[in-house]
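What follows is a set of notes on a single structure, which appears directly below.
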Amino acid sequence: MNVNDKGYIHQRLLKMITDKTAVVGIIGLGYVGLPLAIHFGRHGFRVIGFDVDARKIDKILHGESYIKHIPEASIRELIDKKQLDVTIDFSHLKEADCILICVPTPLTDKMEPDLSYLLSTTKTISQHLRQGHLIVLESTTYPGTTEEMLLPSLTSSDMRIGEDFFLAFSPEREDPGNQTYTAVNIPKVVGGVTRPCLEASVALYNTITETVPVSSTRTAELTKLLENTFRSVNIAMVNELKILAHKMGIDLFEVIDAAATKPFGYTPFYPGPGLGGHCIPIDPFYLAWKAKEYDFSARFIHLAGEINVSMPYYVIEKTIEALNTHKKSLNGSRIMLLGMAYKKDIDDDRESPGYAIMKLLSEKGAIVAYNDPWISQLEPTRKYNFQMTSTAITPEVLTEMDAVIIVTDHSGYDVEEIVKFSKIVIDTRNATKNVKDNREKIFMA
Ligand SMILES: NC(=O)c1ccc[n+]([C@@H]2O[C@H](COP(=O)([O-])OP(=O)(O)OC[C@H]3O[C@@H](n4cnc5c(N)ncnc54)[C@H](O)[C@@H]3O)[C@@H](O)[C@H]2O)c1
């Protein structure tokens with residue numbers, strides 16, 4: 001094929017991807033971007049990681065990991081072999097052939113999509129865009145973002161989509177801390193703006209895992225939101241049923257385990273103290289926001305949000321009831337929260353219900369401490385400002401507390417010991433199910 005032939009740039013990109021001479025650029029080296037960079041590096045690509053956070057870049061360059069479940073050795077190996085380079089200098093985007101965007105997509109205080117990170121990234125890419133670039137958005141967002149927001153800022157009179165550069169959406173399905181499913185065995189859904197865009201992005205992801213091509217970027221965008229709305233709605237349903245089951249004196253966890261023996265038509269979801277993480281509490285609201293453009297109210301999303309947001313209040317109610325049995329008021333009680341990460345065995349505390357519980361307890365005059373083996377210190381967040389360090393769990397500390405609340409059931413917790421030395425244990429996760437002794441101290445919430 002000749003340089004001037006239509007399709008030459010596309011064919012050249014496909015060849016570079018197939019023989020792994022294409023350079024992969026990853027923008028945003030957080031919970032999604034850093035593991036992705038490692039996977040592409042391990043699969044033989046040269047990877048350049050970009051981030052605006054100079055401290056993170058510095059750590060990676062020194063072979064350090066700032067995400068506990070990502071081993072330092074995996075970073076160091078790639079840095080030493082010069083397979084992975086990281087920088088805050090975005091002019092190196094020109095060296096990358098495939099650019100994957102993994103920046104945050106949070107909500108504003110008014111629960112509306114905050115696309116500021118994505119907008120600034122797109123602007124930066126447009127300043128360095130060149131022929132042969134494949135750009136893939138991995139950040140979760142509402143249907144239409146890729147083509148309504150990214151495409152217009154990248155297209156120009158001399159850069160035509162599908163001929164000069166290629167654009168696609170492929171949602172990230174990373175599940176931090178999950179040892180069974182990682183980037184190598186989680187299929188990647190991919191939607192391209194044009195057929196050549198789809199082909200190039202499918203070729204890229206095929207080098208690391210199985211791909212699921214879909215007909216458009218919108219389809220791929222909505223696929224991710226369906227997955228997370230499905231989780232949010234089902235978690236809300238079991239959270240609501242938990243409250244009913246408590247009133248009926250039935251153990252919902254036992255019910256769920258029994259129902260899970262049905263070999264078809266049922267997927268178990270478990271109740272908890274509320275929703276956490278950067279996905280499930282946020283993503284459905286991207287869809288609900290976009291739905292308004294179609295005069296449509298996404299009722300399941302709103303109802304699930306309402307129930308899940310109310311769960312920390314339920315935990316407080318149960319804590320007050322438990323203290324009441326000891327003739328104690330919440331005001332002035334010493335309460336310890338166990339687990340500030342939003343789920344077990346990871347160090348991610350974003351949107352963790354632990355914070356909502358901590359705030360409600362403090363507002364009611366409780367003296368609050370926390371322990372989390374994964375989070376040694378609480379940093380200020382957009383919503384909360386608890387500057388606190390993790391208190392070690394010792395028999396003395398537990399004895400001093402009026403109540404202990406298990407917010408997250410980290411595997412490292414010795415639940416027998418916790419129950420043995422605590423006066424009251426509020427269990428939001430069924431972590432105490434195998435504890436034989438002192439069961440009268442346990443209150444489910
Ligand atoms: N964490 C998850 O489990 C998960 C799973 C699936 C999808 N997602 C989605 O992936 C996206 C990224 O999430 P995350 O958890 O990795 O977020 P994160 O906050 O852990 O990481 C984002 C990184 O982007 C960097 N960044 C911010 N603005 C930037 C910019 N303009 N240029 C370059 N870097 C910038 C930040 O410094 C940070 O290091 C979000 O859309 C999220 O919804 C997350």
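Counting convention: from 1, in listed order, for ligands and their atoms alike.
Classified by interplanar angle (parallel below 30°, tilted 30° to 60°, perpendicular above 60°), the ring pair Tyr205/Phe40 is tilted.
Numbered from 1 in the order shown, with element, the atoms of ligand 1 that lie under 4.0 Å from a heavy atom of Lys224 read 6 (C), 7 (C). Below 4.0 Å from some heavy atom of Asp53 lie the following atoms of ligand 1, by number and element: 37 (O). Listed by number with element, the atoms of ligand 1 under 4.0 Å from a non-hydrogen atom of Ile27 are 32 (N), 33 (C). Near Pro176, with a cut-off below 4.0 Å to any heavy atom, the atoms of ligand 1 are 3 (O). For ligand 1, the atoms sitting less than 4.0 Å from at least one non-hydrogen atom of Glu174 are 3 (O), 5 (C), numbered in the order shown with element in parentheses. Using a 4.0 Å cut-off to heavy atoms of Gly30, the atoms of ligand 1 that qualify are 16 (O), 18 (P), 20 (O), 21 (O), 23 (C), 39 (O). Contact atoms of ligand 1 toward Lys56: 38 (C), 39 (O) (distance under 4.0 Å to a heavy atom of the residue). Of all atoms in ligand 1, listed by their number and element, those nearer than 4.0 Å to a heavy atom of Cys279 are 2 (C), 4 (C), 5 (C), 6 (C), 7 (C), 8 (N), 44 (C).
Between the side chain of Asp97 and the backbone N or O of Gly132 there is no donor-acceptor pair closer than 3.5 Å. His43 contributes no side-chain N or O that, together with a main-chain N or O of Lys20, makes up a donor-acceptor pair within less than 3.5 Å. Side-chain atoms of His278 do not come within 3.5 Å of backbone N or O of Asp283 as any donor-acceptor pair. Side chain of Lys188 to backbone of Pro171: a donor-acceptor contact under 3.5 angstrom is found. Asn430 places no side-chain N or O within donor-acceptor distance of the main-chain N or O of Phe253, the cut-off being under 3.5 Å.
Of the protein's heavy atoms, Gly28 CA, 3.3 Å lies nearest to atom 24 (O) of ligand 1. The shortest contact between atom 9 (C) of ligand 1 and any protein heavy atom is with Thr140 OG1, 3.5 Å. When only non-hydrogen protein atoms are considered, atom 13 (O) of ligand 1 lies nearest to His278 CD2, 3.4 Å. Counting only heavy atoms of the protein, atom 28 (N) of ligand 1 lies nearest to Tyr117 CD2, 3.4 Å. Nearest protein neighbour of atom 36 (C) of ligand 1, counting heavy atoms only, is Asp51 OD1, 3.5 Å. Nearest protein heavy-atom neighbour of atom 20 (O) of ligand 1: Tyr31 N, 3.0 Å. Among all protein heavy atoms, the one lying closest to atom 41 (O) of ligand 1 is Thr105 OG1, 2.5 Å.
Thr145 places none of its side-chain heavy atoms less than 4.5 Å from the side chain of Phe169. Between Ile186 and Thr209, every side-chain heavy-atom pair lies at or beyond the 4.5 Å cut-off.
When heavy-atom distances to ligand 1 are checked against a 4.0 Å cut-off, Arg350 comes that close only through its side chain, counted from C-beta outward. Contacts of Tyr286 with ligand 1, taken as heavy-atom pairs under 4.0 Å, are absent altogether.
Considering every non-hydrogen atom in both Arg130 and Lys94, the closest pair reads NE-O, 2.7 Å.
Sequence neighbours left out, the pairs with a member in residues 99-119 that pass salt bridge (charged side-chain N to carboxylate O under 4.0 Å, His left out) are Asp114-Arg382.
No N or O atom of Tyr342 sits closer than 3.5 Å to an N or O atom of ligand 1.
The closest non-hydrogen atom to atom 11 (C) of ligand 1, taken over Leu36, Leu34, Val103, comes from Val103. The closest non-hydrogen atom to atom 12 (C) of ligand 1, taken over Gly277, Gly33, Cys102, comes from Cys102. Relative to atom 34 (N) of ligand 1, the option among Thr141, Val52, Val32, Ile26 with the closest non-hydrogen atom is Val52. The residue from Lys123, Arg55, Glu172 that puts a heavy atom closest to atom 6 (C) of ligand 1 is Glu172.
Note that CG of Asn308 is 3.5 Å distant from CG of Leu275, once rounded to the nearest 0.5 Å.
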Passes salt bridge (Lys or Arg N to Asp or Glu O under 4.0 Å), Lys343 versus Asp175? Steps please.
CA-CA 11 Å; Lys343 68 174 187 175; Asp175 183 18; 2.4 Å; yes
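Checked against the 6.0 Å centroid threshold, His10 and Phe166 count as a close aromatic pair.
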